[in-house]
Amino acid sequence: MKKPIIATAVFLVSCISAFAGETALKMLMTNGETAWYVLNERPQISFSSDKMIITTDDASADVARADVVSMNFEEYTPALLSEIGVSDSFIRFTGNSVEAPGMQVQLYSVNGYLTASGYESVSTTDLDKGLYIARAGKQSLKIIIR
């Protein structure tokens, strides 16, 4: 019982200190892939019985807890972008677009209709207000257009 509590405490302390500027959440997955989420603002991270949920004012993503081996926060810099290879998953919501360098991006309505797609970036400026699901490779991100 003490191990999960200590791990959670260490994780929360690292979260507090990690948000000086734009931050990337890096997760090593059980299939060997690395998933990246660039966070424009301080996220809320919560856990359900089987999922980890990452939420900001504009977006949320959920990941099966069993699929995550480890995670940490890194300051987002142009050098970090060059470290992220095409084989790694990377998706980002900027507020005006959804970006995934080197990948095809699809944007779906909550009803499952494809509303936009593009290579590396899809603009969200002309979308109606509402909830959308962005997909790039094996990663997805829920975004809210206000």
Side-chain angles (χ1 to χ4, degrees), residues 4 7-8 10-146:
T8 301
V10 169
F11 173 71
L12 291 175
V13 169
S14 69
C15 288
I16 292 168
S17 63
F19 294 102
E22 214 169 69
T23 302
L25 172 61
K26 176 183 178 180
M27 294 187 293
L28 178 60
M29 311 305 280
T30 55
N31 64 5
E33 292 185 7
T34 303
W36 291 87
Y37 293 93
V38 175
L39 308 166
N40 291 330
E41 55 192 73
R42 179 181 230 147
Q44 293 181 346
I45 299 177
S46 57
F47 299 90
S48 68
S49 61
D50 62 341
K51 291 186 179 185
M52 177 179 71
I53 302 133
I54 307 151
T55 307
T56 66
D57 288 342
D58 295 320
S60 69
D62 53 70
V63 179
R65 289 174 65 175
D67 292 344
V68 180
V69 173
S70 66
M71 64 182 175
N72 65 309
F73 293 93
E74 297 186 17
E75 185 176 344
Y76 176 73
T77 63
L80 177 63
L81 184 59
S82 66
E83 177 188 322
I84 300 170
V86 174
S87 63
D88 292 325
S89 298
F90 177 92
I91 190 169
R92 169 186 177 166
F93 178 57
T94 66
N96 295 320
S97 65
V98 176
E99 299 173 354
M103 302 175 77
Q104 186 70 25
V105 179
Q106 297 92 25
L107 196 59
Y108 295 91
S109 69
V110 290
N111 297 329
Y113 295 105
L114 180 65
T115 58
S117 66
Y119 184 71
E120 295 190 342
S121 180
V122 172
S123 174
T124 59
T125 56
D126 294 331
L127 294 176
D128 293 333
K129 293 179 182 181
L131 181 65
Y132 295 85
I133 308 297
R135 292 202 43 90
K138 296 180 182 178
Q139 298 297 309
S140 63
L141 186 66
K142 296 176 194 167
I143 61 172
I144 300 170
I145 305 297
R146 297 176 187 212

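A donor-acceptor pair under 3.5 Å is absent between the side-chain atoms of Arg92 and the main chain of Pro101, judged by distance alone. The closest donor-acceptor contact from the side chain of Glu120 to the backbone of Ala100 lies at 3.5 Å or more, if one exists at all. Formation of a donor-acceptor pair under 3.5 Å by the Thr125 side chain with backbone atoms of Asn96 is not found in this model. At least one donor-acceptor pair closer than 3.5 Å links the side chain of Ser109 to the backbone N or O of Asn111.
Distance CZ/Arg135 to CG/Leu141: 11.0 Å, rounded to 0.5 Å. Interatomic distance, Thr115 OG1 to Asp126 CG, rounded to the nearest 0.5 Å: 11.5 Å. Here the CD1 atom belonging to Ile144 is positioned 13.0 Å from the NZ atom belonging to Lys129, to the nearest 0.5 angstrom. Residue Leu114 holds its CG atom at 8.0 Å from CG of Leu107, rounded to the nearest 0.5 Å. Here Met71 contributes atom CE and Leu28 contributes atom CG; the two are 12.0 Å apart, rounded to the nearest 0.5 Å.
Minimum heavy-atom separation, Val105 to Ser121: CG2-N, 4.1 Å. Across all their heavy atoms, Val122 and Ala116 have their closest contact at CG1-CB, 3.4 Å. Closest heavy-atom contact between Ala134 and Val98: CB-CG1, 3.7 Å. Lys142 approaches Ile133 most closely through the heavy-atom pair CG-CD1, 3.4 Å.
Put simply, the side chain of Ile45 reaches to within 4.5 Å of the side chain of Met52, judged on heavy atoms. With a 4.5 Å cut-off on side-chain heavy atoms, Thr124 and Tyr132 do not count as touching. Residues Asp67 and Asn31 are not in side-chain contact: their nearest non-hydrogen atoms beyond the backbone lie 4.5 Å or more apart. Looking at Asp128 and Ile145, their side chains never come closer than 4.5 Å, going by heavy atoms from C-beta outward. Side-chain contact check for Arg65 versus Asp50: every heavy-atom pair is 4.5 Å or farther apart. Contact check for Met29 versus Val69: no side-chain heavy atoms found under the 4.5 Å cut-off.
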